[in-house]
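Remarks on the structure that follows.
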Protein chains: 2
Amino acid sequence: MFLSFTEENYLKAIYHLSEDGKIDVSTNAISDALNTKPASVSDMLKKLSQKEVINYIKYQGVSLTPSGKKIALQIIRKHRLWEVFLVEKLKFNWDEVHEIAEQLEHIQSNLLIERLDEFLGFPPFDPHGDPIPNERGEMKAKKHTPLSETDLHNQGKVIGLKETSPLFLQYLDKAGIYIGAKIKVMDKIEFDGSLEILIDNKKTILVSSEVAKNILIAES
Amino acid sequence: MFLSFTEENYLKAIYHLSEDGKIDVSTNAISDALNTKPASVSDMLKKLSQKEVINYIKYQGVSLTPSGKKIALQIIRKHRLWEVFLVEKLKFNWDEVHEIAEQLEHIQSNLLIERLDEFLGFPPFDPHGDPIPNERGEMKAKKHTPLSETDLHNQGKVIGLKETSPLFLQYLDKAGIYIGAKIKVMDKIEFDGSLEILIDNKKTILVSSEVAKNILIAES
DNA sequence: ATGAAAATTTAGGTTTGTCTAAAAAAAAGT
DNA sequence: ACTTTTTTTTAGACAAACCTAAATTTTCAT
Ligand SMILES: [Mn+2]
Ligand SMILES: [Mn+2]
Ligand SMILES: [Mn+2]
Ligand SMILES: [Mn+2]
């Protein structure tokens, strides 16, 4: 099935919006995510419904059909593989790759993606710790807890992020936090929820609760 | 200046059509090259003229302005660098890369192209022997003669091709002809212009005049 | 339960890039 | 020189993806 760039972006947005448990995604949520007006979203939902990639009942929100989900996961696979390429091979910083991957994810060629995957050594995760789906749309799900909810004095490892905006990534660089870093919560400040953390048994810093919510930890 | 994919493709087509000496390119030639109707081309020429990337006088053909030429060369640079990437890094065959490069050439990011160029070791030529322009649009021009016009018994090297369609490239693979191959013309058949050639001092084959016209040789 | 607020859809338009059919200009043939 | 043919442009339409403004439906608060 051929879908335009725009249609692909709608499917991807719907997928991401339903990631955190929501079954039905709202028109407004989609228009926010894509920077379009709700009226435009309504138009497009009608079209995507026709193509049977979404389940859509007027006024009642939208969800992906199995075939829509498969397409969304293919696009996410391409996005994340290109991000790995940019960081691992072209020496981009992790905060510089998303915009370019937004373009590269729409390149059409199954062989290209297979070969790229192989060239990169079949990476299971992208530079931000997000899992890369395989050709069938399956991916490793890791058990994770937000840093804000881990117990005092427990040692954990950074395995992912909830936010991946350039500003947040640049902050993490500065703080010395990266995917794989060892983190131990030394103290919780009850007043504002900020945390004193020890990074790699070397450096102690203070992070706000907002920051801590967006860092995902695998406890060990 | 921002140009759409479509506008970029028009500029590239105009550039390629004026490569073999022609000063002015015709509406019909462009419509042929892009598989659109002449009426559509007329529309677009008006728009590109407005943007001052082409010189256009009604009924009198079209040429690129300096700024249009610079843009065209940037796109060709990207196209050819991606072709090198696909062949050198992802192990594509030279007849498989053009279509994918047609998509990749429109990815917008100066940094990406700089880094890709560096990653590939600043290649001066693409897999088909075509020169890769640098950031300023300059490229190596090699003296070349069509194989059909080289002298008997002169040793030469394949440095490029006039045709790069998959079918022609596959034929060359089968014949054992590649960029860099040594070729000596052993005999010319006057009747139909076909040639008996010795490849790499190993194998002698017969090639038609049509084939010989499309192989470019550097005499040595 | 009912009126106000919020969310969503419809109606009617715009822009981009395409098309067909018709008109106009240029080139070619005699 | 004057037809005829070819090339090119214009006129009018259409699909995709967006918009604003207005209508409709749902949700929320009293
Ligand atoms: Mn990304
Ligand atoms: Mn990512
Ligand atoms: Mn090519
Ligand atoms: Mn090429």
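In this text the structure is predicted, and so the values were computed from the model without any measurement. Residue numbering restarts at 1 for every chain, and letters A, B, ... go by the order of the sequence lines.
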If you look at every strand shown and take non-hydrogen atoms under 4.0 Å, does Tyr10(A) touch a base, only sugar-phosphate, or nothing?
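Sugar-phosphate, no base atom in range.
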What is the nucleic acid contact for Thr36(B), judged by heavy atoms within less than 4.0 Å: base, sugar-phosphate only, or nothing?
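It contacts sugar-phosphate atoms only.
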Does the side chain of Glu163(A) pick up a donor-acceptor pair with the side chain of Ser165(A) at under 3.5 Å?
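The criterion, which ignores hydrogens and geometry beyond distance, is satisfied for Ser165(A) and Glu163(A).
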Among side-chain atoms of Asp173(A) and Trp94(A), is any donor-acceptor pair under 3.5 angstrom?
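Side chains of Asp173(A) and Trp94(A): pair found under 3.5 Å.
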Would one find a side-chain N or O of [X] under 4.0 angstrom from OP1 or OP2 of [N]?
X	N	answer
Lys46(B)	dT10(D)	yes
Asn28(B)	dT6(D)	no
Ser42(B)	dT9(D)	yes
Tyr56(A)	dT9(C)	yes
Lys58(B)	dT10(D)	yes

Atom pair distance, as rounded to whole Å: [atom1] in [X] and [atom2] in [N]:
X	N	atom1	atom2	result
Asn9(B)	dT18(C)	CG	C1'	14 Å
Tyr59(A)	dT27(D)	OH	C1'	13 Å
Glu7(B)	dT15(C)	CD	P	15 Å
Met44(B)	dT15(C)	CE	P	16 Å
Ile30(A)	dT9(C)	CD1	C1'	14 Å
Gln60(A)	dA7(C)	CD	P	17 Å
Lys37(B)	dA22(C)	NZ	P	16 Å
Asp24(B)	dA27(C)	CG	P	12 Å

Closest to side chain of [X], choosing from [options]:
X	options	result
Ala39(A)	dT8(C), dT9(D), dT20(D)	dT20(D)
Thr6(B)	dT18(C), dT8(D), dT20(C)	dT18(C)
Asp43(A)	dC18(D), dT9(D), dT18(C)	dC18(D)
Ser40(B)	dT20(D), dT9(C), dC19(C)	dC19(C)
Thr27(B)	dA21(D), dT9(D), dT20(C)	dT9(D)

Between Lys12(A) and Glu102(A), does at least one N-O distance fall below 4.0 Å, as a salt bridge requires?
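Yes, charged N to carboxylate O under 4.0 Å.
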Glu105(B)/Arg77(B) salt bridge by N-O under 4.0 Å criterion:
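Result for this pair is no, no salt bridge flagged.
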Can you label the angle between the His79(A) ring and the His98(A) ring as parallel, tilted or perpendicular, going by 30° and 60°?
tilted
